[in-house]
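Heads up, the thing below is written out as structure tokens.
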Amino acid sequence: MAGERRGLLVSKGWIQAVILVVLIGFFVLGLLAYRTYQAKPPIPERVVDPAGELLYSGRDVERGQEVFLNNGLMEYGSVFGHGAYLGPDYTADYLRRSANYVSRSYGGARSDRAAQRTTEDFRTNRYAERTGVLELTAPQAEAHRRLVGHYSRFFSEPTTKNGLRPDAITDRDDLRALTAFFGWTAWAGAAERPGHNYSYTNNWPPEPRVANEPTANVIVWSVLSLIALLGGIGLLFAAFGRWNFLGWHGREQATLSFRTPGDVALTPAQRACAWFFFVMAALFVVQVVVGAASQHYRAELSSFFGINLAELLPFNLMRTWHVQLAIFWVATSFVAAGIFLAPMIARREPRGQGKLAFLLLGALAVVVFGTLIGSFLGVHGLLGDAASNWFGLQGFEYLDLARIWQVLLSIGLFVWVFMLWRVLRTRLRGEHAANMPWLFFLAALAIPAFYAIGLIAQTGQHFTVNEFWRFWVVHLWVEDFLELFTTVMVAYMFVLLGVVRERVALTVIFLDIILYSLGGVIGTMHHLYFSGEPAEHMALGAFFSAAEVIPLTFLTVEAWSFLQLGAAQESKSRTPFPHRWAVLFLVAVGFWNFLGAGIFGFLINLPVVSYYEIGTALTANHGHAAMMGVYGMLAIGLAMFCLRYLIPAERWPERWARISFWSTNLGLAWMCFATLLPLGIAQLYKSVNDGYWEARDLRFLTEDTNALLEWLRLPGDIVFIVGGALPVLYIGYLGIRHTVKRVTLEEPEDILFTEVSEPAGLPKPDVEEAAAARVT
Amino acid sequence: MTPEVMLAGGYASALMLGALALEWLSAHTHRRSIRYRTAGFAYHADHDAWTCPEGEYLWPHELDHERRLMRYRARAHVCNACPVKERCTDSDHGREVVRLLDPWPHSEAGRFHRVIAVMLVALAGLVLLVAIVRNHAPLELAVLGTLLGVTTVVGRFLLRDLRNHPAGFPEPTRSRGSRSWSSRS
Ligand code: HEM
Ligand SMILES: [Fe+2]
């Protein structure tokens, strides 16, 4: 192959379009990064009362943020709507409590004059940029002093009745700083941006006491993004109404016969993948059990089925484990699937790859256990400040892990890409840089590249800036680069199976990159409507993220099922198609992409909806349906695909694969429809009607009807855990117990199938192969 | 009527509508995706034949009972001389197009959607039952009872539909490795 490079299989226009779309997207994102630094809400050097006495300093705000993050409080409550949902949103909570106090001191809620003066106090921006001093009014200052007392009592509560560990935070300075941090976010939430009639957070949180209402921008861009969605769908159907546009017309396949699992010899690194999948399954089980535990705190706060587990495992510890393990087990599966597919693509594997794979798995284990232990130490306050940041808990939701593990994980993922490169090297040399092997490699490279961006967020740095970079990881990972890697992998699986032509797969991938990047890159800003960014972030975020729904619906209804077609048994293969459940998990991925990401995502995507619902069960509804539905199902599907070859055919537990498929999907659907969706709608209603603070209040969530809704999910959770997660663990166990014994470093050209010219004449398995497959 | 009853009734109705939408979608996706494989080819029901993008007819050629599909084939010499043959087929016996009677995996994907639909209706029923247990005013009971009746009807319809659409996976599902392979060849 060396010497003559294989040319590009599709038209050059595709590459140009991709480059254009991605460049424009990241150029705009770059501008928005600049604007973030420029227009973030200022942190005053000194916040004083009218007499000039210091209430808190900028350093206090910073320190308070560190206390908030390093103690895992973002996994308990939220700030600017981002974080966990058991505790209050502290921006809204501080604002509500201080506004109530101010209003009382002016004569009470019933007096118009009091209401007006309260509003004035909060909306007037008394920050002097020149001096760096923010002066609060006398009632505001007094409210702050009282709130220091309130939050001090709350966080030093000696019991677990709040869901935190007893005596969570007792240091007086820390408590003062924490209140200062909350106070600053609340100030940014109500004080008007210079030159505008809305606050730094586009008037979030909704709070009638300080006249916080949706801004004109919130409404206008909601409408415009709706139009963008409808227009985009219209355009798409106009353009694609005729499929020949894509240059594919259905092509007949040569008759082929799938190689029976067990006859496919595996490389050492592929065999190592069995361990990856076992670890993946174990992490999955722990993740859902921990999730069930954290859910239980909502339904029954003070005791865990009678035992007071909260002393050892408080809510926020369960929550951070739950969130981080979700990322870990999915990533484990992706990493393993990449390692597994690479030698099939390259048809060879260099020596030592197997050892490298085990080394990588070891490193991953260190990161996972380091993270879990670190979170424990962090939440229990067992580490000093600096140490907590590096070895305990950084505490950004989804990027909670300590810095050392974050760095190690980034390096580990780069090592993974390097491993793929080792295998693919010669193959890449012979290919045009936009053909499938390269796309596979580049899509893999994007994963660590964008994970590493998360390192820009630092506990001591401005919150708005941190949020900006954090969502580069959270959003760009799931809504762009993982979707892309997914498509490449799935397409490759079918190409390797011989049921989809490379050219067609390539077209689907390019189309996918363009459609996802069009909306997804700038769409990152849909997480940052209210976190202190200027209005243009909201405008662009709303408009472009609406376009994200298009590929989700489109790929589901159209192209995705096109790929699935590959599995149809129309060719006259005599061997059964080995991947029934892998394919069905992919079907599920399509379904959840449509429902969980597309519908439930769009449900909360309009700024005006997000304004009232952010941080409620409606977000959780989308988060679960999209994250588990798309990436969870995909991780299991990839595992099923690879495990099918890792487990000798006669050991393959078809029944358990089936049970796990139905249980994970029904369990997830039940969870969303029985609890999260209706509860989210109830909260949205409450939020618009009575106020955001009320909607987040635990008293509302645990009142009669809503408590019932929380209990309603129980059967689904049980089905999910027992019928869904445990069988995956069992299948993973079979993978390490009975790993196929045939080892090779060279793979034949058509690894997973053989072409048969005459349907009648099946290739005879050679005796040696058959014998080898039986050695187990 | 208490808000709870209205909410329960409304949500149960919404779930049922969602279930019916899913039912429709599962049939719809199937129809659309079939089009990919035969994109560019037109089916003429009156002749039971296809025409290819170049205008050549494909006639029925074989009914495959085992795989539940109908095969149509164009004349070999026409295809072999066709300028765009490379993009169409690598068979030298003429391009073949199949009409699938109940193809997997769409059959099972459709089944997946239908099972979810049935689950939604079951959930609607459960929501209504819980509401009935907790609310006893005559009007409330009447509304909830009626809806529960509707739920039963919809549920039975969906169940019957589910039963009429088997997974259709080409057995044998339990491959037994090279042993069964050699025994069948
Ligand atoms: C597979 C794809 C997706 C995954 C895995 C995913 C995952 C998530 C998760 C976990 C959250 C919770 C964030 C938090 O709690 O702070 C979230 C929030 C959100 N997602 Fe998605 N999402 C996906 C696609 C989409 C799409 C396509 C849209 C819109 C069209 C969307 C819109 C939103 C919005 C508006 C929020 C709330 C904003 C926020 O609180 O940060 N998502 N998503
Ligand atoms: Fe997003």
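Excluded from the calculations below are hydrogen atoms, water molecules and symmetry mates; all remaining heavy atoms, backbone and side chain alike, are included. In what follows, chains carry the letters A, B, and so on, assigned in the order in which the sequence lines appear, proteins first and then strands, with residues in each chain numbered from 1.
Looking at A/L712, the atoms closer than 4.5 Å to chain B (heavy atoms on both sides) all sit in the side chain, from C-beta outward. Interface residue A/W670: backbone and side-chain heavy atoms are both found under 4.5 Å from chain B. Using a 4.5 Å cut-off between heavy atoms, B/L7 does not touch chain A at all. A/A588 touches chain B through backbone and side chain together, each having a heavy atom under 4.5 Å away. Heavy atoms closer than 4.5 Å to chain B are found in the side chain of A/L708, but not in its backbone.
A distance of 8.0 Å separates CG in A/L677 from CG in B/L15, rounded to the nearest 0.5 Å. Between the CG atom of B/L22 and the CZ atom of A/F591 there is a distance of 5.0 Å, given to the nearest 0.5 Å.
B/Y11 places a side-chain N or O within 3.5 Å of a backbone atom of A/F673 that can act as its donor or acceptor partner.
B/F112 pairs with exactly one of A/F585, A/W592, A/F661 by the ring-ring contact (aromatic ring centres under 6.0 Å, His included) rule, that one being A/F661.
Qualifying ring pair (Phe, Tyr, Trp, His ring centres under 6.0 Å) partners for B/Y43, counting only residues two or more places apart in sequence or in other chains: B/W50. Residues that satisfy the side chain to side chain contact (heavy atoms under 4.5 Å, CB included) test with A/A657, not counting sequence neighbours, are A/W581, A/M640, A/W652, A/I731.
Within residues 141-152 of chain B, no residue has any heavy atom under 4.5 Å from a heavy atom of chain A. Contact annotation for residues 119-135 of chain B against chain A (heavy-atom separation below 4.5 Å, listed by residue number): B/M119, B/L120, B/L123, B/L126, B/V127, B/V130, B/R134.
The shortest distance between side-chain heavy atoms of A/L584 and B/E108 falls below 4.5 Å.
Within 6.0 Å of the CH2 atom in A/W656, the count of heavy atoms belonging to other residues, nucleotides or ligands does not exceed 12.
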